[in-house]
Amino acid sequence: MNIQPLLDALDLQEDAARALADDLRAQIDGLRTRPQEAETHLEHLAITRKTVTALADRLPAAAPDLPEHPDYARILTAFNHATGPLRAKDVCEALGHELLPKNVEGTRAKLKRLVKLGILAEADTGNFTRRP
């Protein structure tokens with residue numbers, strides 16, 4: 001009886017098993033380094049989180065949204081150009097409104113609303129300034 005074909009078949013299976021073992025060893029070696037890479041990445045994320053939270057206190061607070069009426073933006077422009085506190089009449093003049101009582105009172109109401117939003121401050125009764 002000729003056993004050579006059987007031995008050849010065994011050689012093929014041994015070669016395949018060796019190749020599979022080599023592939024698995026290579027995968028294992030790759031998997032050994034991946035947890036360390038993941039740990040390093042986690043450490044970097046922790047450092048980033050610590051840095052961001054430390055800097056968050058130094059960031060300026062976001063300005064509140066202005067009401068939709070176009071006068072509010074124009075009022076702030078008037079305060080940006082002002083050298084001191086402004087009264088409602090001064091703002092009316094800066095906006096180009098007639099100095100009628102209804103216009104002055106409407107402007108005063110807008111100024112009070114900007115005070116409530118924390119954008120302006122009322123230095124003393126009727127005198128408004130931009131908050132620092």
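Counting begins at 1 with the first residue of the sequence. This structure is a prediction, so every number in the text was calculated from the model and none was measured.
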Under 4.0 Å between a Lys/Arg side-chain N and an Asp/Glu carboxylate O for Arg87 and Asp90? no

Thinking salt bridges, do Glu105 and Lys102 make one under a 4.0 Å N-O criterion?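 Result for this pair is no, no salt bridge flagged.
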
How long is the span from the [atom1] atom in [X] to the [atom2] atom in [Y], to the nearest 0.5 Å?
X      : Y      : atom1 : atom2 : value
Lys110 : Leu66  : NZ    : CG    : 12.5 Å
Arg25  : Asp22  : CZ    : CG    : 5.5 Å
Glu122 : Arg131 : CD    : CZ    : 10.5 Å
Leu42  : Arg49  : CG    : CZ    : 11.0 Å
Arg74  : His97  : CZ    : NE2   : 5.5 Å
Arg130 : Leu76  : CZ    : CG    : 5.0 Å

Exercise: identify the closest heavy-atom pair between [X] and [Y]:
X      : Y     : value
Leu117 : Pro67 : CD1-CD, 3.8 Å
Asn103 : Glu98 : ND2-O, 2.9 Å
Ala78  : Leu86 : O-CD1, 4.0 Å

Whether over 12 other heavy atoms sit under 6.0 Å from Glu14 CD: yes

Do [X] and [Y] come close enough that some side-chain heavy atom pair is under 4.5 Å?
X      : Y      : result
Arg108 : Val104 : yes
Thr33  : Asp29  : no
Asp71  : Val91  : no

Side chains of Gln4 and Asp8: is there a donor and an acceptor less than 3.5 Å apart?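 Yes, because at least one side-chain N or O of Gln4 sits under 3.5 Å from a partner of the opposite role on Asp8.
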
Checking side chain to side chain contact (heavy atoms under 4.5 Å, CB included) for the pair Ile47/Lys50: CA distance, chi angles, key distance, verdict? CA-CA 5 Å; Ile47 292 167; Lys50 186 175 180 180; 5.7 Å; no

Check the pair Phe79, Leu111 against side chain to side chain contact (heavy atoms under 4.5 Å, CB included), reporting the backbone distance first and the verdict last. CA-CA 11 Å; Phe79 276 95; Leu111 294 172; 3.6 Å; yes

